[in-house]
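Taking it in order: structure first as structure tokens, then the write-up.
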Amino acid sequence: MNPSKIVRVGAVQAEPVWLDLNGSVDKTIGLIEEAASDGVQVLGFPEVWIPGYPWSMWTAPVISNGHIIHDYMANSMERDSEQMRRIQAAVKKAGMFVVLGYSEREGGSLYMAQSFISPEGEIVNHRRKIKPTHIERTIWGDGQAESLQCVADSPFGKIGGLNCWEHLQPLLRYNEYSQGVQIHVASWPAEFEMPDPAKISWLYHETGEASYRASQFMAIEGQCFVLVASQILTEKNLEKNNLTGNPVTKTPGGGFSMIFGPDGKPLCEPIDAGAEAILTANVDLRDIDYPKAFIDVVGHYARPDLLSLLVNPKEAKHVTIMK
């Protein structure tokens with residue numbers, strides 16, 4: 001019988017340093033150091049944690065957000081940059097594995113990125129949200145085929161990650177399950193409670209409760225531990241984000257972080273939607289075997305003779321040089 005493989009995991013719920021790249025990096029390093037002092041070995045951050053999720057794109061017309069987008073581009077982070085190297089050095093010093101969500105700048109384009117950083121401080125996997133959701137497409141571009149690699153090996157197990165509504169794409173989830181994920185980082189922005197229907201028409205799927213349930217379902221369906229990392233928003237930052245007076249972004253709020261077991265069971269106490277914390281749990285990777293014995297959607301519970309997934313691993317190039 002294999003011995004237990006205990007891993008201490010953590011999920012960040014915190015407010016970004018809005019529109020401030022260097023401030024964001026400082027806070028990221030502080031959270032890594034805080035998690036390391038608590039023995040965390042795998043740490044997940046929210047979607048576009050750096051430099052924060054610009055919620056006003058949902059609540060105001062594009063033309064009134066122009067000034068924010070200008071600052072947003074200037075404070076998005078390049079993958080190969082001094083700021084990223086500072087984070088990598090902090091991860092190496094901590095000896096942990098980090099899945100970092102950030103708005104990645106490459107040239108004149110932005111992408112909703114996740115970098116998987118090893119305990120040696122190396123980016124061992126890098127992916128971008130393959131399809132930004134709805135109005136997000138006015139800011140960020142699509143991830144290409146390399147973003148289908150959702151899982152990286154680590155000393156603490158196979159670590160996976162997806163952004164936000166990628167958790168609602170069944171084929172993408174299945175693709176990740178096929179890569180053997182054991183610990184999954186579900187990176188989310190702030191999501192709020194259902195607003196007053198007398199003030200605005202809103203859909204339930206765009207709430208923290210729905211996002212929480214989607215993350216929990218991934219744990220059940222994929223038989224993996226899921227670390228839900230989400231952002232919060234406080235009243236003092238409403239004006240900076242062009243969010244003053246709207247009926248959706250109730251403050252303080254936006255957080256719905258949790259850690260789920262591979263059967264979907266919550267493994268830690270929930271915290272207030274407006275609170276900052278690193279949620280933690282000690283998990284035993286062998287516990288994955290219990291639900292796997294019931295259902296393994298990429299194994300004994302599959303019918304590939306009837307239903308299977310077709311994946312194109314070839315990256316599309318903007319420019320191809322003829323030889």
Side-chain angles (χ1 to χ4, degrees), residues 2-14 31-32 34-47 49 94 96-101 114 116 119 150-152 154-164 166-167 173 176-177 180-188 190-191 207-232 254-297:
N2 293 328
S4 297
K5 182 65 180 292
I6 305 297
V7 179
R8 188 160 179 79
V9 299
V12 170
Q13 177 171 301
L31 288 166
I32 290 169
E34 178 185 342
S37 69
D38 192 28
V40 171
Q41 297 165 299
V42 178
L43 182 66
F45 281 87
E47 181 180 49
W49 161 252
M96 68 173 61
F97 194 99
V98 168
V99 178
L100 178 67
Q114 288 173 308
F116 296 56
C150 305
V151 177
S154 85
F156 314 116
K158 291 182 177 293
I159 314 299
L162 295 176
N163 272 316
C164 194
E166 289 189 312
H167 294 87
R173 294 198 311 270
E176 182 175 338
Y177 304 151
V181 61
Q182 294 175 301
I183 299 171
H184 171 82
V185 173
S187 296
W188 292 88
E191 295 279 10
T207 64
E209 182 180 354
S211 301
Y212 177 100
R213 292 178 186 273
S215 304
Q216 185 178 34
F217 180 73
M218 182 159 184
I220 296 170
E221 182 183 58
Q223 303 86 52
C224 56
F225 293 96
V226 172
L227 319 182
V228 184
S230 58
Q231 298 181 21
I232 70 165
F256 53 93
S257 300
M258 179 48 63
I259 297 171
F260 295 113
D263 60 350
K265 178 183 178 180
L267 298 182
C268 62
E269 291 298 318
I271 61 173
D272 186 81
E276 288 198 345
I278 300 173
L279 284 72
T280 59
N282 294 326
V283 304
D284 186 345
L285 298 186
R286 281 201 65 221
D287 286 347
I288 293 172
D289 289 348
Y290 291 119
K292 282 287 187 187
F294 285 76
I295 173 174
D296 181 357
V297 295

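V40 has its side chain out of reach of V9: every pair of non-hydrogen atoms, C-beta onward, lies at least 4.5 Å apart. For the pair F225 and V185, the minimum side-chain heavy-atom distance is 4.5 Å or more. When side chains are defined from C-beta on, V226 counts as touching H184, because their heavy atoms get closer than 4.5 Å. You'll find the side chain of M96 stays beyond 4.5 Å of the side chain of V42, heavy atoms only. A 4.5 Å side-chain heavy-atom check between I259 and V228 finds every atom pair outside the cut-off. Inter-residue side-chain proximity for M258 and P270 is flagged as met; some heavy-atom pair is nearer than 4.5 Å.
Taken to the nearest 0.5 Å, the SG atom of C268 stands 4.0 Å off from the CG atom of L279. Note that the CG atom of D38 and the OG1 atom of T280 stand 5.0 Å from one another [nearest 0.5 Å]. Taken to the nearest 0.5 Å, the CD1 atom of I32 stands 12.0 Å off from the OG atom of S37. The distance from the CG atom of N163 to the SG atom of C150 is 10.0 Å, given to the nearest 0.5 Å. In this structure, Q182 CD and C224 SG are separated by 9.5 Å, a value rounded to the nearest 0.5 Å. Atom CD of E276 and atom CD of E34 lie 9.0 Å apart (nearest 0.5 Å).
Considering every non-hydrogen atom in both I183 and V181, the closest pair reads O-CG2, 3.7 Å. For D287 against P262, the heavy-atom pair with the smallest separation is O-CG, 3.9 Å. When all heavy atoms are compared, the tightest approach of D284 to K5 is OD1-N, 3.2 Å. Nearest approach of G264 to Q216, heavy atoms of both residues: O-NE2, 2.9 Å. Across all their heavy atoms, P119 and F97 have their closest contact at CD-CD1, 4.0 Å. In terms of heavy-atom proximity, A94 sits nearest to A36 at CB-CB, 3.7 Å.
Distance alone, capped at 3.5 Å, is enough to place a donor-acceptor pair between the S230 side chain and the F256 backbone. Distance alone, capped at 3.5 Å, is enough to place a donor-acceptor pair between the Q231 side chain and the E47 backbone. Of the possible donor and acceptor atoms, one in the side chain of Q223 sits under 3.5 Å from a partner among the backbone N and O of E221.
For F260 and Y212, the ring centers are positioned less than 6.0 Å apart.
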request  = Determine, step by step, whether L31 and W49 satisfy the side-chain contact (heavy atoms from CB on, under 4.5 Å) criterion, reporting the C-alpha distance in whole Å, the side-chain angles of both residues, the deciding distance to 0.1 Å, and the verdict.
outcome  = CA-CA 12 Å; L31 288 166; W49 161 252; 3.6 Å; yes
With side-chain hydrogen bond (donor to acceptor under 3.5 Å, both in side chains) as the criterion, how do S187 and Q114 come out once you've worked through the C-alpha distance, each side chain's angles and the decisive distance to 0.1 Å?
CA-CA 9 Å; S187 296; Q114 288 173 308; 3.1 Å; yes
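Listed by first and then second residue, the side chain to side chain donor-acceptor pair (under 3.5 Å) pairs that reach into residues 259-275 come to none, sequence neighbours excluded.
Note: W188 and H167 have parallel aromatic rings, judged against thresholds of 30 and 60 degrees for the angle between ring planes.
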